Each structure stands twice: as C-alpha cells, then as structure tokens.
Amino acid sequence: MTDYQKPSDIQSVPQLVALAPAEAKAFLAFNHACERADGAIPPKYRELISLAVALTTQCAYCLDVHTAAAVKAGATREELAETAMIAAAVRAGGTLAHALLALRLFDGNALKEKG
C-alpha cells in the first residue's frame, strides 16, 4: 500500500479531537506540558528525546513533527544522527533484556514438559 501513511493525514487531527473531546483535551494538555520551553530540559533536548522515541516506535508523523521542531530548536544533523544511533542501541538492548525473560520462560516451560 503506497498510500498507507500520508503527510496529509495529520490534517485529520481536528476530526479525531472532535470525536473524543475529553480524552483529546487531556492528551493535548499533557503533550503541551511536555513540550514547554521553561522546563529543566531545554527545547532542543526535548525534541531530540522525542525523535529517539519516534524512531523506536516508528511513528512517521512523530518523526515529521519532531524533526521540524528539532531543526527549529537548533539541532544539527550530527545530533540527529547520534540520537538515532543511541535510540537504536537502547532498542537493541531492550531486545537483549527481553531475551533474558524469554530464556527464563523457556526454562520454566521445559520443566513443565518434563514434569
């Protein structure tokens, strides 16, 4: 499907908000609080963190919005590249951590099969 995700889909946000106004209001208030410029974390770092999360969740719309915001906040291409590599390493680390759980679950199931 070549048109599965379209940049123009983001224009449907007002429709989504209108369909679930209470939830949307709470989400948007939380989102705006997280994007504030007067927090301990400067806007550029907030956007780089947002990009790292967007990369690991693979949200194309988030990548679009937060890449533009990162550029506006003064992020460089090098910072974006390092952010991407850090996100990839953390995601890979999470895979290995879950492998430990899988091993434990495997061993537990193998014991059940023997018993």
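Source: prediction; values computed, not measured. Heavy-atom basis, side chains included; hydrogens, waters and symmetry copies ignored. Position 1 is the first residue of the sequence; numbering continues from there.
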| message | Distance check, rounded to the nearest 0.5 Å: Lys6 atom NZ versus Ser12 atom OG? | response | 10.0 Å

| task | Spell out, yes or no, whether Leu80 and Tyr61 are grouped together once hydrophobic residues are joined by side-chain heavy atoms under 4.5 Å, including indirect joins. | result | no

| said: Let me check something: do Val71 and Tyr45 share a hydrophobic cluster, defined by ILVMFWY side-chain heavy atoms less than 4.5 Å apart, either directly or through other members? | reply: no

| message | So that I can tick it off, tell me whether Glu47 and Lys72 are bridged by a salt bridge, with the cut-off set at under 4.0 angstrom between side-chain N and carboxylate O. | response | no

| query | Does a side-chain heavy-atom distance below 4.5 Å link Leu51 with Leu63? | reply | yes

| note | Rounded to the nearest 0.5 Å, the CG atom of Leu103 sits from the NE2 atom of His98 at a distance of 13.0 Å

| remark: Ala54 and Cys62 have their tightest heavy-atom pair at CB-CB, 3.6 Å

| request: Compare all side-chain heavy atoms of Thr83 with those of Ile49 and state whether any distance is below 4.5 angstrom. | output: no

| task | Hey, could you give me the OG1/NZ distance between Thr76 and Lys44, rounded to the nearest 0.5 Å? | result | 6.5 Å

| said: Could you see if Val53 belongs to whatever hydrophobic cluster contains Leu48? Use Ile, Leu, Val, Met, Phe, Trp, Tyr and a side-chain cutoff under 4.5 Å. | reply: no

| Side chains of Leu96 and Leu100: closer than 4.5 Å at any heavy-atom pair? | no

| task | Output the distance between atom CG (Leu101) and atom CZ (Phe106), rounded to the nearest 0.5 Å. | result | 13.5 Å

| message | For Arg46 versus Arg36, what's the shortest heavy-atom pair and its separation? | response | NE-O, 3.2 Å

| field | Lys112 side chain near Asn109 side chain, heavy-atom distance below 4.5 Å | value | yes

| Do other residues, nucleotides or ligands put more than 12 heavy atoms under 6.0 Å from Arg77 CZ? | no

